[in-house]
Amino acid sequence: MKVKIVNKGPHALPQYSTPQSAGMDLRAWLEEPLTLQPLERALVHTGIYMQLPEGYECQVRPRSGLALKRGLTVLNSPGTIDADYRGEVCVILANLGNEPQTIENGERICQLVVARHETVQWMPVETLDDSERGEGGFGHTGTK
C-alpha cells in the first residue's frame, strides 16, 4: 500500500524494524530534550503528516520496551489518525514510572499500525439475539 506522507522534521520516515513488524517506529521531533516527571504527560511533535486512503486508519501505539523499561506509554492508546486528518501526527506520552524520564530528539517514541476499518450503519431494534455469553462481562469467566 502506498500512503502520501510529508516529513517537515529532520528524522527518517516511520519505518519497520524487522521484515514482519506490524508497527513502524515514529521519532520525536524536539528542540530540546523533554523530561517527564512521574505521572506527567506531554504532547510530542513528530513533523509527520500523512494522507491515508479512505477506509483506513493509523493507530498510534506504545513501544513495549519504553513501557517496560521506563514506564513511558501513549496515553490515549491506541490513538487514531483518521483518513481525513491532515495535521501533524503528535503523540501524547505519559510517564507512568516512579522516576523522571527524558525523551531525546530523534528517539523512537511509539509505533504506527495502519489498519482497514469498517463504517457502521446502526440498525435500531428492540431486542438483541441471545448468545452463550449473554450479559457476562468484567471478569465473569474468573481468574483460573
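Keep in mind the model is a prediction, meaning the values are calculated, not measured. Residue numbers start at 1 and run along the sequence shown.
The heavy-atom pair separating Val113 from Gly23 by the smallest distance is CG2-CA, 3.7 Å. Between Glu104 and Pro33, the shortest heavy-atom contact is OE1-CG, 3.4 Å. Residues Cys110 and Val60 come closest through the heavy atom pair SG-CG1, 3.7 Å. Taking each heavy atom of Ala28 and Asn105 in turn, the nearest pair found is O-OD1, 3.3 Å. Across all non-hydrogen atoms, the minimal contact from Gly97 to Pro38 is O-CB, 3.3 Å. A pairwise comparison of heavy atoms in Tyr49 and Glu88 identifies CE2-N, 3.2 Å as the closest pair.
Put simply, CD1 on Ile109 and OG1 on Thr46 are 7.0 Å apart, with the number rounded to the nearest 0.5 Å. A distance of 9.5 Å separates CG of Leu93 from CG of Asn95, quoted to the nearest 0.5 Å. Distance check, rounded to the nearest 0.5 Å: CG of Asn76 to CZ of Arg41 gives 11.0 Å. Going from atom CD1 of Ile81 over to atom CG of Leu52 covers 7.0 Å, rounded to the nearest 0.5 Å. Note that CD of Gln37 is 10.0 Å distant from CD of Gln101, once rounded to the nearest 0.5 Å. The CD atom of Gln51 sits 11.5 Å away from the CD1 atom of Ile5 when rounded to the nearest 0.5 Å.
Clustering ILVMFWY residues whenever any of their side-chain heavy atoms sit less than 4.5 angstrom apart, transitively, puts Val3 in the very cluster that holds Tyr16. Cluster membership for Tyr85 and Val91, using ILVMFWY side-chain heavy atoms within less than 4.5 angstrom, is shared. Note: the hydrophobic cluster containing Met24 also contains Val74 (ILVMFWY, side chain heavy atoms under 4.5 Å, direct or indirect links). Val6 and Leu112 are members of different hydrophobic clusters when ILVMFWY side chains are connected at heavy-atom separations under 4.5 Å. Under the 4.5 Å side-chain heavy-atom criterion for ILVMFWY residues, a single connected hydrophobic cluster contains both Leu30 and Ile48.
Within the structure, salt bridge (charged side-chain N to carboxylate O under 4.0 Å, His left out) contacts touching residues 18-40 (residues at least two apart or in different chains) are Asp25-Arg63, Asp25-Arg108.
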